[in-house]
Amino acid sequence: NKGITDPLDQPVITGTPQGCEGETIVLTIAPIAGNSVTYNWTIPGPSTNIAGLNSNEITINPANLAYAGNYAVSVDVDGCTTTSAPFTLV
């Protein structure tokens with residue numbers, strides 16, 4: 001028997017929206033507490049060189065133009081899902 005839970009806050013992606021080719025770029029959201037938490041990042045290009053796609057923080061190393069575009073993350077917490085607004089990396 002599941003009870004009704006409060007809605008989840010929308011995660012906010014933080015990071016540097018611009019980076020130089022060859023540098024490391026980190027995008028993150030605050031960790032979300034729960035018994036069962038799943039992070040699913042939506043990325044605009046290849047997943048090569050991106051670590052952490054199943055966590056609250058991704059690291060792109062080395063960055064290049066292939067990784068420019070909109071990033072978002074959906075978080076499933078104990079059966080409830082919330083999705084961030086897009087974060088544009090240029």
Side-chain angles (χ1 to χ4, degrees):
N1 192 8
K2 281 190 160 186
I4 297 174
T5 60
D6 291 329
L8 298 169
D9 290 334
Q10 183 181 39
V12 176
I13 299 173
T14 58
T16 305
Q18 291 181 308
C20 293
E21 190 162 335
E23 291 185 347
T24 298
I25 296 174
V26 178
L27 303 179
T28 188
I29 63 168
I32 298 177
N35 292 321
S36 175
V37 181
T38 304
Y39 299 92
N40 183 27
W41 288 82
T42 301
I43 59 174
S47 61
T48 309
N49 300 331
I50 299 180
L53 288 171
N54 296 314
S55 72
N56 68 305
E57 180 177 280
I58 60 172
T59 302
I60 305 166
N61 185 20
N64 62 46
L65 288 176
Y67 299 99
N70 290 328
Y71 289 75
V73 61
S74 294
V75 185
D76 183 81
V77 181
D78 302 329
C80 297
T81 302
T82 183
T83 302
S84 71
F87 181 93
T88 302
L89 184 62
V90 294

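Here, residue 1 is the first one in the sequence, and each next residue gets the next number.
Interatomic distance, CD1 of Ile58 versus CG of Asn56, reported as 10.5 Å (0.5 Å rounding). Note that the CG atom of Asp76 and the OG1 atom of Thr81 stand 4.0 Å from one another [nearest 0.5 Å].
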Throw together a table of side-chain donor-acceptor distances under 3.5 angstrom for residues 32-41, partners on residues two or more places apart or in other chains.
| from | atom 1 | to | atom 2 | distance (Å) |
| --- | --- | --- | --- | --- |
| Tyr39 | OH | Ile32 | N | 3.0 |
| Trp41 | NE1 | Ser55 | O | 2.7 |

Could you pull out all donor-acceptor pairs under 3.5 Å where a side-chain atom in residues 43-53 meets a protein atom, sequence neighbours excluded?
| from | atom 1 | to | atom 2 | distance (Å) |
| --- | --- | --- | --- | --- |
| Asn49 | ND2 | Tyr67 | OH | 3.4 |

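For Thr42, there are no side chain to side chain donor-acceptor pair (under 3.5 Å) partners, not counting sequence neighbours. For Ile25, the side chain to side chain contact (heavy atoms under 4.5 Å, CB included) partners at least two apart in sequence or on another chain are Leu27, Ile60, Ala63, Leu89. Remark: Thr88 engages Asn70 in a side chain to side chain donor-acceptor pair (under 3.5 Å) (not counting sequence neighbours).
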Working for side chain to side chain contact (heavy atoms under 4.5 Å, CB included), residues Val73 and Ile13: CA-CA 8 Å; Val73 61; Ile13 299 173; 4.2 Å; yes
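Within the structure, every pair that satisfies the side-chain hydrogen bond (donor to acceptor under 3.5 Å, both in side chains) test and touches residues 11-27, not counting sequence neighbours, is listed here: Thr24-Asn61.
Between Ala72 and Ser84 the shortest heavy-atom distance is CA-OG, 3.4 Å. Between Thr83 and Ser74, the shortest heavy-atom distance links the atoms OG1-OG, 2.9 Å.
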